[in-house]
2 protein chains.
Amino acid sequence: MTGKKSTRATREDVARQAGTSVAVVSYVVNGGPRPVAEATRDRVLAAIDSVGYSPNGIAKALASGVSGAYGLIVPDISNPFFAALAHELEEAVAAEGKVLLLGDSAESKEREETLLKLFLQRQIDGILFIGVDSKPDVRAALRAGVQLVILDRVDNDAGVSSVAVDNIAGSYAATNHLIGHGYTRIGIISGPGNLYTARDRNLGWETAMAQAQLEVDPRWRLEENFSRHGGREAGRRLFSLPQLPEAVFASNEQQAVGLLAAAAEFGVRVPEDLAIMTFDGTDDSEYATPAISTVVQPLNEIARVAVNLLARPPGHEVVQHECDFTLRLRPSCGPHAGQPVPDHN
Amino acid sequence: MTGKKSTRATREDVARQAGTSVAVVSYVVNGGPRPVAEATRDRVLAAIDSVGYSPNGIAKALASGVSGAYGLIVPDISNPFFAALAHELEEAVAAEGKVLLLGDSAESKEREETLLKLFLQRQIDGILFIGVDSKPDVRAALRAGVQLVILDRVDNDAGVSSVAVDNIAGSYAATNHLIGHGYTRIGIISGPGNLYTARDRNLGWETAMAQAQLEVDPRWRLEENFSRHGGREAGRRLFSLPQLPEAVFASNEQQAVGLLAAAAEFGVRVPEDLAIMTFDGTDDSEYATPAISTVVQPLNEIARVAVNLLARPPGHEVVQHECDFTLRLRPSCGPHAGQPVPDHN
DNA sequence: CTGTTAGCGCCTTCAC
DNA sequence: GTGAAGGCGCTAACAG
């Protein structure tokens with residue numbers, strides 16, 4: 001009854017209503033690029049909500065060449081770590097006034113490339129990329145001159161900007177903590193060899209072991225996917241061995257959770273029979289039984305740094321940011337003096 | 001060196017190269033709306049990849065009025081249930097040839113509305129909405145004539161299309177299963193009263209209890225947020241009581257996981273001292289210790305139905321789809337005859 | 001300070 | 001079967 005057409009109000013409607021030109025409407029809506037007289041501005045503002053005007057983002061994107069959207073590509077959004085990271089990323093992106101396109105590559109290299117191209121077609125302003133492996137083909141983005149930051153599964157030789165924790169130092173610290181407990185027989189569940197993330201965490205563990213001059217039984221070195229399923233499978237194999245290690249470093253949190261499930265299956269008590277430490281540090285490890293000691297990634301920092309990199313003006317240099325981690329100690333790696341139940345909020 | 005400019009190739013470049021008009025290029029790119037001669041088509045196709053042409057999605061959106069994007073609004077993507085659902089939704093959306101805009105409202109009603117408006121500005125083709133509460137303000141979407149489907153946290157009186165499981169029947173079945181075990185003292189951890197989802201699950205439990213003529217000790221009815229933290233808090237309160245129930249129905253999976261953590265804290269054995277059943281059924285309950293019996297939501301079906309609703313031509317009717325659930329039995333609710341360790345893949 | 005006017009890249013009706 | 005041309009809604013010079 002308000003006489004509104006089914007089609008949205010445009011700048012022209014506002015201009016007509018306010019008795020100005022469309023340019024002025026733009027100026028007030030965008031606060032520039034030219035100044036507007038106080039009185040005119042008020043008239044325009046009044047007209048805007050009298051007409052119920054809301055700018056069309058698509059038209060703006062086309063005209064300005066800036067789409068106002070960033071894209072996020074992840075191997076699997078249902079993976080708690082990626083989900084937690086996505087949460088932080090979305091917030092950082094929103095703070096930038098942009099929207100976020102979500103692409104779930106479902107661990108498929110092919111789909112990953114499709115998504116990248118799809119996003120590029122939409123004039124995306126920047127891409128946050130977590131690859132299926134460490135050798136993603138991001139040439140299309142570079143060619144298009146679109147900012148791209150690789151997260152988590154990084155290859156430092158790629159000549160692409162990236163943000164990740166110091167995986168080597170993190171796993172080194174975790175392993176050393178285990179060693180500090182007095183454990184000497186320490187195993188590892190590694191991630192897939194095609195991920196540098198996995199290799200680095202492996203390396204940290206190896207370094208700590210070598211430095212402490214601890215022997216490693218090859219049967220206690222298992223390799224599995226970075227998933228709960230993988231962790232459980234590794235556990236099942238491990239627990240079928242005649243002799244168990246005293247401790248295990250699970251290369252990621254999902255594996256640790258799976259390992260715990262296997263332990264329960266086999267009646268292996270944690271930490272009494274087996275101490276566990278892991279990497280990532282989402283809520284999953286806090287609420288596991290027992291709560292798991294873990295290297296914690298600073299997701300919030302990672303997200304902020306990554307989005308800031310995207311926001312840089314073009315013609316920037318490649319930067320590979322490495323974040324610090326923290327160690328969160330919980331019951332899974334054994335008793336700590338004067339630290340009863342350290343898992344409150 | 002290829003002489004490529006920094007700007008992308010457009011339809012016009014293709015047309016020139018192929019010696020046709022831009023319209024023809026459109027016809028072949030979109031397979032319509034007009035037919036094109038075999039020979040011409042080939043020339044155009046050749047020109048397209050000679051020039052390296054890729055259509056501009058933004059321009060297409062503006063000209064056609066169809067943005068090619070759906071929006072998803074969730075209270076918190078780091079919540080495993082929403083993440084698992086998002087995974088399925090992304091797949092369904094991709095199958096439709098669209099991209100997905102992710103909005104994380106961070107449990108904030110205000111941010112939720114902001115996101116909705118932001119999406120609407122971008123001429124979104126449809127919105128998948130999981131509200132912070134059961135009374136979301138989606139009028140803006142309806143006014144704009146944009147398709148919208150509410151998921152999970154549904155209000156059946158709202159006159160808006162929705163997709164969700166039958167929460168009442170699910171919790172009724174879960175509770176009945178507990179009763180079938182012979183438990184008579186059965187408690188519940190309810191979700192927040194402002195969510196119909198929570199109320200319905202409550203109702204299912206109540207109905208089953210009443211029907212079995214079982215008394216309910218009011219101290220065994222706890223209300224908490226749908227989070228791990230909430231579940232743990234409820235557990236801590238429960239386990240401080242002089243007498244425990246024999247079983248508890250945790251209204252969602254996150255609560256159940258938190259409850260398990262509290263049980264470990266208090267030395268309460270599950271299922272020996274306390275049987276647990278819950279609702280949702282993501283991988284979380286499979287990998288918990290012990291694995292948790294749960295009502296499983298058909299996420300894949302929910303996603304497909306929801307996206308199909310969005311894809312309907314305008315002028316459709318409101319449909320409120322209710323999905324069936326399945327019951328997944330695991331060790332947490334007690335021993336089941338002839339069902340040893342039912343948690344393989 | 002304000003108005004005019006080309007585009008942005010593509011879709012689509014309408015002629016030929 | 002093909003081409004010409006008018007938008008889609010907005011930005012950003014360029015004039016006044």
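Residue numbering restarts at 1 for every chain, and letters A, B, ... go by the order of the sequence lines.
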Heavy-atom pair of closest approach, residues [X] and [Y]:
X	Y	result
B:Arg11	B:Ser26	NH1-OG, 2.9 Å
B:Val99	A:Phe119	CG1-CE1, 4.2 Å
A:Val163	A:Val149	CG2-CG1, 3.9 Å

Under a 4.0 Å N-O cut-off, is there an ion pair linking [X] with [Y]?
X	Y	value
A:Lys117	A:Glu112	no
A:Glu91	B:Arg111	no
B:Asp133	B:Lys135	no

Atom pairs under 3.5 Å: protein N/O with N/O of nucleotides 7-9 of chain D:
residue	atom	partner	partner atom	Å
D:dC8	O2	B:Ala63	N	3.3

Return the set of residues passing salt bridge (charged side-chain N to carboxylate O under 4.0 Å, His left out) with A:Asp76 (not counting sequence neighbours), or none when no residue passes.
->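 Per chain and number, A:Asp76 pairs via salt bridge (charged side-chain N to carboxylate O under 4.0 Å, His left out) with no residue.
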
Partner residues of B:Asp42 under the salt bridge (charged side-chain N to carboxylate O under 4.0 Å, His left out) criterion, sequence neighbours left out |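 Once residues adjacent in sequence are excluded, B:Asp42 has no partner under the salt bridge (charged side-chain N to carboxylate O under 4.0 Å, His left out) criterion.
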
Among residues 18-31 of chain B, which contact DNA chain D at a heavy-atom distance under 4.0 Å?
->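 DNA chain D contact set from residues 18-31 of chain B: B:Thr20, B:Ser21, B:Ala23, B:Val24, B:Tyr27.
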
Flag the pair B:Leu72 / A:Leu102 as yes when at least one side-chain heavy-atom distance between them is below 4.5 Å, and no otherwise.
->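 No. Closest side-chain heavy atoms not under 4.5 Å.
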
Using a distance-only test with no angle check, is there a side-chain donor-acceptor pair under 3.5 angstrom linking [X] and [Y]?
X	Y	answer
B:Ser67	B:Arg122	no
B:Asn56	A:Gln121	no
B:Asp125	B:Gln147	no

To the nearest 10°, let me know how far the axis at one end of the helix from C:dC1-D:dG16 to C:dC16-D:dG1 is tilted from the axis at the other, five pairs an end.
->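 The end axes of the helix from C:dC1-D:dG16 to C:dC16-D:dG1 are about 40° apart, to the nearest 10°.
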
For chain A, the stretch of DNA chain C it reaches, first to last nucleotide, under 4.0 Å of its heavy atoms =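 Reading along DNA chain C, I get C:dC1 to C:dG9.
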
